[in-house]
Amino acid sequence: MHIDIITVVPELLESPFSHSIMKRASDKGLLTIALHNLRNYSKNNYKQVDDYQYGGGAGMVMMIEPIDRCISELKEKRDYDEVIYLSPDGELLNQKVANYLSLQKNLILLCGHYKGVDERVREHLITKEISIGNYVLSGGELAAAVLVDSIGRLLPGVLNNETSALEDSFQDNLIAPPVYTRPAEYKGWKVPDILTSGNTPKIAEWRAEQSFIRTKKRRPDLLKEHE
Ligand code: ADE
């Protein structure tokens with residue numbers, strides 16, 4: 001998979017993909033990420049990418065020209081499955097959205113700033129808008145990092161154990177069961193006996209039950225989605 005990220009602060013996105021699982025994904029050639037500094041697409045001497053809003057009002061708006069120029073240049077090289085704008089008023093990111101995006105080949109992510117982008121960008125250049133939660137960040141970069149991480153770990157071959165992403169929380173609209181490691185007892189706090197019993201079918205049953213109990217207690221809204 002290839003992801004192009006358009007941003008005015010590329011520095012913010014240099015580190016998140018250079019470590020751990022995202023680094024493994026790029027080392028294995030399963031995910032390539034290219035950062036594009038929007039300022040390089042400004043024709044303005046000051047590398048300006050934002051301007052005052054028509055009709056007045058506080059806050060600057062990102063101009064359509066540099067964005068269109070950048071997206072058009074990218075489209076000369078690749079066909080894109082989605083051109084995504086990270087925005088607090090987009091579709092809420094969840095595991096289903098991450099799964100869908102992990103099946104695509106080429107994506108463009110546009111990170112917003114200031115008051116957002118000129119509405120014509122959203123109308124004519126963007127195919128999908130995604131929010132990572134009901135709160136406002138100062139820019140779309142951290143949201144883009146979250147989105148790429150959620151997608152990247154789903155690509156076949158990225159995680160060591162192929163099944164582990166399938167067993168993540170939310171894959172079946174259920175929270176993952178509790179996990180434990182050594183020691184079996186710490187300060188009198190014991191690991192549930194079933195997990196040290198060696199009885200694989202019973203352990204699987206226990207885990208499924210715990211998943212359900214946890215989801216019911218912590219995220220009953222997820223169970224409602226099943227109904
Ligand atoms: N940009 C600002 N806030 C955001 C959010 N919650 N999700 C995605 N992009 C954003």
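Counting starts at 1 for both ligands and their atoms, in listed order. In this text the structure is predicted, and so the values were computed from the model without any measurement.
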**Q** Excluding sequence neighbours, so at least two apart, what forms salt bridge (charged side-chain N to carboxylate O under 4.0 Å, His left out) with D149?
**A**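 By the salt bridge (charged side-chain N to carboxylate O under 4.0 Å, His left out) rule, D149 matches no residue at all.
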**Q** Looking at V83, is its backbone amide N or carbonyl O close enough to the side chain of T127 to form a donor-acceptor pair, meaning the two atoms are under 3.5 Å apart?
**A** yes
**Q** For S211 and I175, indicate whether the former's side chain and the latter's backbone hold a donor-acceptor pair under 3.5 Å.
**A** yes
**Q** Can you confirm whether the side chains of S42 and Q48 place a donor and an acceptor under 3.5 Å from each other?
**A**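 No donor-acceptor contact under 3.5 Å links the two side chains.
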**Q** May I have the N/O to N/O pairs between ligand 1 and the protein that fall below 3.5 Å, each with atom names and distance to one decimal?
**A**
from, atom 1, to, atom 2, distance (Å)
ligand 1, 3 (N), L137, N, 2.9
ligand 1, 6 (N), G133, O, 3.1
ligand 1, 6 (N), Y135, O, 2.8
ligand 1, 7 (N), I132, N, 3.0
ligand 1, 9 (N), S87, N, 3.2

**Q** Check side chain to side chain donor-acceptor pair (under 3.5 Å) between R78 and all other residues, then give those that pass, not counting sequence neighbours.
**A**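 For R78 the side chain to side chain donor-acceptor pair (under 3.5 Å) partners, ignoring immediate neighbours, are H2.
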**Q** Please enumerate all residues that pass side-chain contact (heavy atoms from CB on, under 4.5 Å) together with S87, with sequence neighbours excluded.
**A** Y85, D89, R122, E129
